[in-house]
> 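Structure below; questions to follow.
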Amino acid sequence: MALPVPPPRSSPGTGPDSFGPGPAALARWYERKLGWATEGRAPVRLLTGVRFDVLELPAEAGRALLRRPVRTGPVLLSGDRMGLLVAPGGADELPGLLDWLEWGPIGPDLTALGAGGRITAPALRGGAGSPGAALWLRPPEPGLPPGPALPALAGFGSGGDAPDLVRLVDAAATECHRVRLSRARAGLRDGSASDQPLAFS
């Protein structure tokens, strides 16, 4: 009869305070250091709408956004999508902001997760993540209150030093639109003459 294989032991310096690789340590770190609600253990998920919401956009647009002089909060990358953490309630404000900024009719590839949503928890520095797992491009900073560090609408109690959600949404929508136009131009260059729209004079 084969004996069960014991679980691997932590090596020195791999506990939750040193960003250990295990899912339980990962969940504890998010809960204890940041005060974020988690769910599950494989993979660990972070609940949105409690301490933060997430704006999601194509990674290509997100990389261009990060080169602009626009303040963001923590930023994560998950596959071909980038997530920008914003103050709770930001997801509810997104449709109205897009309309107010006159992006609504264009419908940029910009979505949001708010109350009831979940994202896969990115691995922490030095922690082992599964292939294709989310990772932090701009990690959250433990010890900072969540409000002032996250983009929010003015007047929602997030403090005067909070990054501006309106500017962030406008910049993100602009970069999403640029990516869409770039892909459309590339499609026209690669397509046959019959695929191209007719030109009227």
Side-chain angles (χ1 to χ4, degrees), residues 26-40 43-59 61-66 68-122 124 134-177 179-180:
L26 182 67
R28 280 195 306 272
W29 190 88
Y30 279 110
E31 291 166 356
R32 293 179 184 170
K33 294 290 183 181
L34 298 178
W36 292 359
T38 66
E39 174 183 272
V44 175
R45 297 194 179 276
L46 303 175
L47 306 184
T48 60
V50 181
R51 299 295 293 269
F52 60 87
D53 286 355
V54 180
L55 299 182
E56 291 186 327
L57 67 163
R63 283 189 289 275
L65 173 69
L66 295 181
R68 294 179 66 157
V70 177
R71 289 180 61 200
T72 71
V75 178
L76 62 94
L77 180 67
S78 182
D80 63 352
R81 301 287 288 178
M82 193 173 286
L84 310 170
L85 272 61
V86 298
D92 294 334
E93 298 296 333
L94 181 62
L97 280 177
L98 289 173
D99 284 342
W100 184 71
L101 293 165
E102 299 183 358
W103 284 109
I106 297 169
D109 189 7
L110 181 63
T111 59
L113 286 171
R118 287 148 182 75
I119 60 170
T120 300
L124 302 170
L135 58 98
W136 287 113
L137 299 179
R138 292 183 179 172
E141 298 181 40
L144 291 180
L150 298 175
L153 286 175
F156 279 86
S158 57
D161 60 344
D164 187 347
L165 182 63
V166 174
R167 290 183 184 165
L168 180 62
V169 167
D170 191 37
T174 298
E175 296 305 337
C176 287
H177 188 59
V179 166
R180 178 185 288 171

> Val166 and Leu97: side-chain contact (heavy atoms from CB on, under 4.5 Å), yes or no, with the steps?
CA-CA 7 Å; Val166 174; Leu97 280 177; 3.7 Å; yes

> Before giving the answer on side chain to side chain donor-acceptor pair (under 3.5 Å), spell out for Thr72 and Arg138 the whole-Å C-alpha distance, their side-chain angles and the decisive distance to 0.1 Å.
CA-CA 9 Å; Thr72 71; Arg138 292 183 179 172; 2.8 Å; yes

> Measure the spacing between CG of Asp53 and CG of Leu113 and express it to the nearest 0.5 Å.
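So the gap between those two atoms works out to 8.0 Å.
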
> Looking at Val50 and Pro88, what are the two nearest heavy atoms and their distance?
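Nearest heavy atoms, Val50 then Pro88: O-CG, 3.6 Å.
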
> Might you point out which heavy atoms bring Ala172 and Leu57 nearest each other, and give the distance in Å?
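Minimum heavy-atom contact is CB-CD1, 4.2 Å.
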
> For Pro122 versus Leu26, what's the shortest heavy-atom pair and its separation?
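Shortest heavy-atom contact: O-CD1, 3.7 Å.
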
> Asp109 and Arg81: side-chain contact (heavy atoms from CB on, under 4.5 Å), yes or no, with the steps?
CA-CA 10 Å; Asp109 189 7; Arg81 301 287 288 178; 3.1 Å; yes

> Does Val54 reach the side chain of Leu84, with side-chain heavy atoms less than 4.5 Å apart?
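Result no, sub-4.5 Å side-chain heavy-atom pair not found.
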
> Looking only at heavy atoms, what is the nearest atom pair of Leu110 and Ala173, with distance?
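Heavy atoms only, the tightest pair is CD2-N, 4.1 Å.
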
> Roughly how far, to the nearest 0.5 Å, is the CG atom of Leu46 from the CD1 atom of Ile119?
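Rounded to the nearest 0.5 Å, the CD1-CG separation comes out at 5.0 Å.
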
> Return the minimal non-hydrogen interatomic distance between Leu65 and Ala171, and the atom names on each side.
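In terms of heavy atoms, the two residues are closest at CD1-CB, 3.4 Å.
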
> For the pair Asp170 and Arg68, find out whether any cationic side-chain nitrogen is under 4.0 Å from an anionic carboxylate oxygen.
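Result for this pair is no, no salt bridge flagged.
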
> Any side-chain heavy atom of Leu76 within less than 4.5 Å of one from Met82?
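Leu76 does not reach Met82 side chain to side chain.
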
> Which word best sums up how the rings of Trp36 and Tyr30 line up, parallel for under 30°, tilted for 30 to 60°, or perpendicular for over 60°?
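Ring orientation, 0 to 90° scale: parallel.
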
> Show your reasoning for whether side-chain contact (heavy atoms from CB on, under 4.5 Å) applies to Val86 and Leu168.
CA-CA 10 Å; Val86 298; Leu168 180 62; 3.9 Å; yes

> Supply the atom-to-atom distance Ile106 CD1 to Leu98 CG, rounded to the nearest 0.5 angstrom.
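Result: 10.0 Å between the selected atoms.
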
> Taking all non-hydrogen atoms of both residues into account, name the closest pair between Pro151 and Arg71 and its distance.
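Minimum heavy-atom separation between Pro151 and Arg71: CG-O, 4.4 Å.
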
> In Å, rounded to the nearest 0.5 Å, how long is the span from CZ of Arg167 to CG of Leu101?
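Result: 11.5 Å between the selected atoms.
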
> Give, for atom CG of Leu85 and atom CZ of Arg51, the distance between the pair rounded to the nearest 0.5 Å.
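Reported value, rounded in 0.5 Å steps: 11.5 Å.
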
> Check the side chains of Arg118 and Thr48 for a donor-acceptor pair under 3.5 angstrom, ignoring hydrogens and angles.
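Their side chains do not contain a donor-acceptor pair, so the 3.5 Å distance test is not met.
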
> Could you go through Leu34 and Glu141, starting from their C-alpha distance and side-chain angles, then the distance that decides it, and tell me whether this counts as side-chain contact (heavy atoms from CB on, under 4.5 Å)?
CA-CA 8 Å; Leu34 298 178; Glu141 298 181 40; over 6 Å; no

> From Asp164 CG over to Leu153 CG, what is the distance, rounded to the nearest 0.5 angstrom?
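Taking CG in Asp164 and CG in Leu153, the distance rounds to 7.5 Å.
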
> Flag the pair Pro74 / Leu150 as yes when at least one side-chain heavy-atom distance between them is below 4.5 Å, and no otherwise.
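In short, these two side chains touch, coming nearer than 4.5 Å.
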
> Are Arg63 and Glu175 within salt-bridge range, i.e. N to O under 4.0 Å?
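Looking at Arg63 and Glu175, the cut-off is not met.
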
